[in-house]
Amino acid sequence: MAAKYIFVTGGVTSSLGKGIICASLGRLLVARGLRVTIQKLDPYINVDPGTMNPYEHGEVYVTDDGAETDLDLGHYERFLGIRTSQQNNVTTGRVYFDVISKERQGTYLGKTVQVIPHITDEIKSHVVKLGESEKYDVVIVEIGGTVGDIESLPYIEAMRQLRYDVGRSNTLSIHLTLVPYLAAAGELKTKPTQHSVKTLSESGLSPDLLVCRSEYQLDEGIRRKIAQFCNVDIEDVIASLDAESIYEVPLLMQNEGLDARVIQKLNLPSKNADLEKWKEFIEKIKNPSYETNIALVGKYVEHHDAYKSIVEALIHGGAMNDARVNIRWVQSDYLTEKNVAKMLKGVSGILVAPGFGDRGIDGKLSAVKFARENNIPFFGICLGMQCAVVEFARNCAGMPEANSTEFDEDTPYPVIDLMPDQREIQDKGGTMRLGTYDCKLIENSASWNAYDQELIEERHRHRFELNNKLREKLVGNGLDIAGINPEKDLVEIVEIQSHPWFVGVQFHPELKSTVNDPHPLFAAFVEAALQNEKENLKQISHQKQPA
Ligand code: GLN
């Protein structure tokens with residue numbers, strides 16, 4: 001069967017949750033036995049989001065093959081249980097970069113290079129590459145931005161053309177819009193949706209299905225009105241109401257018949273959706289028996305999207321333990337040795353987040369020390385792991401001015417240092433140690449116990465690493481090495497095994513946690529946090545006793 005394509009555009013305003021709608025539809029189609037992938041087309045001119053500030057863009061999601069991508073790819077992986085790659089995220093920057101490179105190589109044989117056909121052809125080639133890989137029955141294409149934006153136009157035009165290239169019956173256009181409630185009028189308003197569909201149709205891509213975000217249920221009258229004005233059947237007006245958790249959206253969409261309509265319109269083979277495991281997961285996150293407070297210490301905490309995958313992995317790890325994880329967002333800039341006990345009072349676990357640059361480092365070091373000295377479960381990720389090594393060096397291994405050379409090039413004890421193959425690199429984009437690398441676990445470590453296997457693969461995004469020249473001195477003073485990259489002998493995991501649970505990882509485990517396959521380290525960390533507060537465990541009503 002040739003792949004079918006579903007184009008998803010958004011209208012009226014940004015932040016309607018297009019990524020979650022795509023991921024939810026994807027989940028429903030996977031549950032019906034189809035092979036699905038999702039591709040994100042981003043209209044910005046950066047070649048990838050890797051060079052963007054987290055305040056600007058949120059988390060940079062890294063795929064197995066080392067692509068720095070949009071955080072929506074994280075939702076796709078978590079919801080669908082699939083692996084994405086560079087192929088799943090295309091930006092205007094990348095498209096132009098490739099077209100201009102080809103122009104320089106003479107590929108266009110003297111032609112004038114133009115948006116149509118050269119840019120649109122390049123966009124289409126990225127989309128059909130996934131469709132023609134024969135790996136998928138359905139390719140969902142999420143078009144970033146909002147209909148009407150100048151920079152989205154080439155994408156809409158490319159999709160318009162693609163409908164003819166691959167046959168109209170093989171494509172579907174879904175438009176996500178907003179139906180706002182006007183308190184003064186006491187009514188839901190359909191006009192913004194009408195305008196948005198009109199704008200989209202002017203570009204030649206009329207929607208087959210409308211997903212309408214709304215705070216209130218759409219009654220029959222409203223649905224009829226939208227259907228009439230927007231040229232769709234009433235069954236093709238799908239309401240998407242606010243959900244308590246993003247993980248409920250697939251079920252809400254199923255109730256509204258989104259997947260059934262898609263199956264019917266695309267004439268896809270399908271069995272009944274198997275969502276039993278998904279429903280069990282939702283039950284666990286909605287009605288957990290326990291709860292625990294975990295501090296997330298980082299410098300971008302005002303912007304939760306900067307830590308998207310960590311937040312989701314904590315939810316997954318919580319569900320594994322029948323527990324709700326309450327995150328206390330702790331701004332590392334404000335954390336000091338003096339106030340750390342107060343700021344972290346009552347938390348049962350401390351997670352020090354990834355990051356770049358020296359802002360907030362002292363606060364992170366105070367958090368590590370507090371966790372280490374007070375036997376509070378500690379999880380350090382990437383920069384968080386590097387902070388754990390610096391703190392240990394300074395306070396437990398007789399290296400008082402130890403530091404990472406990222407923050408002090410002249411430190412007498414560079415316990416964290418630039419990786420040798422990073423030294424000559426000048427360019428910032430796509431040049432870190434990126435993507436999946438092997439890690440061999442050391443027997444009987446906390447990590448070994450969590451993974452329950454010897455060889456693991458995890459994703460990376462960093463330039464610095466534990467300095468092997470100072471490794472012996474650290475180990476001699478009680479730092480445990482729990483994971484090594486066998487190929488280059490790099491330290492990937494440090495632990496303190498005399499502590500209840502103290503684990504620092506150079507990689508990003510949060511990127512691989514999914515609903516159906518929660519990450520073992522997050523599950524173990526939440527378990528350790530629950531264990532830590534066992535005596536004064538706050539039981540939610542009707543609860544069983546902890547084991
Ligand atoms: N800044 C550190 C490095 O480049 C850590 C990176 C991270 O936390 N992702 O090694």
Side-chain angles (χ1 to χ4, degrees), residues 48-64 66-69 71 74 296-301 303 305-311 313 332-333 350-365 367-368 378-391 393 402-409 411 414-437 439 458-468 470-471 483 485 488 490-494 503-513 521:
D48 62 42
T51 52
M52 277 191 238
N53 187 319
Y55 287 117
E56 196 65 29
H57 182 274
E59 167 186 281
V60 173
Y61 189 79
V62 180
T63 54
D64 277 334
E68 296 181 287
T69 72
L71 56 74
L296 198 162
V297 182
K299 67 172 173 174
Y300 305 112
V301 291
H303 192 55
D305 270 2
Y307 304 108
K308 192 87 218 163
S309 293
I310 292 178
V311 173
S332 51
D333 290 19
I350 296 172
L351 189 155
V352 176
F356 296 83
D358 63 358
R359 177 165 72 83
I361 287 298
D362 289 344
K364 288 184 174 174
L365 293 173
V368 176
F378 168 83
F379 196 8
I381 300 182
C382 209
L383 180 61
M385 171 268 201
Q386 297 175 354
C387 285
V389 174
V390 170
E391 193 280 330
N403 214 331
S404 162
T405 52
E406 183 177 0
F407 314 124
D408 178 5
E409 284 188 13
T411 168
V415 283
I416 303 291
D417 199 9
L418 196 60
M419 303 173 53
D421 43 10
Q422 286 284 328
R423 291 184 199 277
E424 303 305 318
I425 291 175
Q426 299 288 328
D427 280 1
K428 292 278 181 270
T431 55
M432 286 188 235
R433 180 176 182 235
L434 289 165
T436 294
Y437 289 92
C439 172
E458 292 286 359
R459 299 182 199 168
H460 296 249
R461 183 172 187 252
H462 61 112
R463 296 188 200 278
F464 294 80
E465 64 172 359
L466 192 144
N467 185 348
N468 274 339
L470 291 166
R471 180 158 138 190
N485 169 259
K488 291 204 165 158
L490 305 176
V491 174
E492 306 280 30
I493 309 179
V494 297
V503 176
V505 294
Q506 185 57 80
F507 47 80
H508 289 267
E510 70 277 17
L511 302 175
K512 279 178 76 173
S513 189
L521 283 181

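Every number for a ligand or one of its atoms is a count from 1 in the order of the listing. The shown structure was predicted, so the numbers you read here are calculated from the model rather than taken from an experiment.
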Q: Tell me every residue that passes ring-ring contact (aromatic ring centres under 6.0 Å, His included) with F464, counting only those two or more places apart in sequence or in another chain.
A: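 Expected list: none.
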Q: Would you kindly say whether S309 and E59 are connected by a side-chain donor-acceptor distance under 3.5 Å?
A: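 The answer is yes; a qualifying pair exists.
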Q: Check for a donor-acceptor pair, side chain of E68 on one end and backbone N or O of R461 on the other, with a separation under 3.5 Å.
A: no
Q: Who passes ring-ring contact (aromatic ring centres under 6.0 Å, His included) against H462, sequence neighbours left out?
A: H460
Q: Which protein residues come within less than 4.0 angstrom of ligand 1, counting heavy atoms only?
A: P354, G355, F356, C382, L383, Q386, E406, R461, H462, R463, F464, H508
Q: Is a side-chain N or O of N468 found less than 3.5 angstrom from the main chain of R471, in a donor-acceptor match?
A: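 A pair under 3.5 Å: no.
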Q: Apply ring-ring contact (aromatic ring centres under 6.0 Å, His included) to F356 and list each qualifying residue two or more places apart in sequence or on a separate chain.
A: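 Partners of F356 by the ring-ring contact (aromatic ring centres under 6.0 Å, His included) criterion come out as none, since no residue qualifies.
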